[in-house]
Amino acid sequence: MNKIKKLYEELLREHGHQGWWPINNKYTPKNYGCPRNEKEKYEVILGTILTQNTTWRNAAKALDELRRKKLIKPREISKIKQERLARIIRSAGYHNQKANYLKEITKFYLSLKGRTPTRQELLHVKGVGKETADSILLYAYKEPVFVVDKYTKRLLQREKILKKEKDYDETRKIFMDNIEKKYETYNEYHALIVQEMKTKP
DNA sequence: AGCCAGGCTACCG
DNA sequence: CGGTAGCATGGC
């Protein structure tokens with residue numbers, strides 16, 4: 001019996017479809033068609049940085065401010081002074097760091113010219129660690145990669161699927177070896193884990 | 001009034 | 001290699 005798959009079925013039954021990622025600060029339940037265009041893809045990328053170690057609520061406020069000022073465009077983020085960008089995204093926390101990170105990922109994004117980046121390339125960008133790299137691949141580019149976070153490791157402990165806590169890549173491999181490599185499924189599973197662990201720590 | 005949130009970098013031993 | 005301080009706002 002595949003415990004990883006079984007756990008997925010249980011979580012889905014209990015919480016229902018989550019339908020990440022939010023675009024324009026709205027979830028798109030049961031619609032994995034997002035992002036639908038380049039603009040939304042770029043918004044998702046900014047969101048992955050802004051939500052690092054921060055609630056989505058606070059990150060979304062920062063995205064709202066950027067949207068209100070019509071700044072969710074790579075050229076605009078490139079142009080703007082870092083100090084001003086920091087003030088605008090203040091609500092996301094760590095705003096000085098994140099303003100720098102947003103500029104870094106934007107420079108990288110422009111260099112791609114529409115191509116899908118590799119995980120290795122993403123990991124070379126300052127401010128992009130493993131979870132953020134995988135989030136960008138999954139939520140912006142719809143690549144079938146599994147996103148691991150603190151909750152994921154904790155859940156495997158709680159369910160006694162693992163005795164000891166594994167590192168990021170090992171944990172990721174456990175999911176990817178046991179679940180069909182589909183974008184929709186990895187999207188759903190990660191969101192279900194967050195939902196489960198938020199309600200039952 | 002603390003404690004924590006959908007992490008990452010830099011630096012330590 | 002593994003461990004940890006620092007980064008910061010807002011909600012409960």
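The chains referred to below are lettered A, B, ... by the order of the sequence lines, with proteins before strands, and numbering in each begins at 1.
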Residues which pass side-chain hydrogen bond (donor to acceptor under 3.5 Å, both in side chains) with A/T185, listed by chain and number, not counting sequence neighbours: A/E180
Contact list for residues 87-96 of chain A, test salt bridge (Lys or Arg N to Asp or Glu O under 4.0 Å), sequence neighbours left out: none
Pairing residues for A/N37 by the side chain to side chain contact (heavy atoms under 4.5 Å, CB included) criterion, not counting sequence neighbours: A/K39, A/E40
Set of residues satisfying side-chain hydrogen bond (donor to acceptor under 3.5 Å, both in side chains) with respect to A/Y186, sequence neighbours excluded: none
Listed partners of A/K103 passing side-chain hydrogen bond (donor to acceptor under 3.5 Å, both in side chains), at least two apart: none
Within residues 50-66 of chain A or reaching into it, pairs that qualify as salt bridge (Lys or Arg N to Asp or Glu O under 4.0 Å) - sequence neighbours excluded: A/D64-A/R67, A/E65-A/R68, A/E65-A/K69
Residues which pass ring-ring contact (aromatic ring centres under 6.0 Å, His included) with A/Y189, listed by chain and number, not counting sequence neighbours: A/Y8, A/F146, A/F175
Runs of at least three consecutive pairs that involve DNA chain B, where pairs are Watson-Crick or G-U with distances under 3.5 Å: B:2-5 with C:9-12, B:7-12 with C:2-7
With sequence neighbours excluded, residues passing side-chain hydrogen bond (donor to acceptor under 3.5 Å, both in side chains) with A/D167: none
Pairwise ring pair (Phe, Tyr, Trp, His ring centres under 6.0 Å) hits with a residue in residues 62-116 of chain A, at least two apart: A/Y42-A/Y109
Members of residues 145-167 of chain A that approach DNA chain C, where some heavy atom sits under 4.0 Å away: none
Per-nucleotide protein contact string for nucleotides 6-12 of chain C, where B marks a base within reach and S marks sugar-phosphate only (heavy atoms under 4.0 Å, - for neither): BBBBSS-
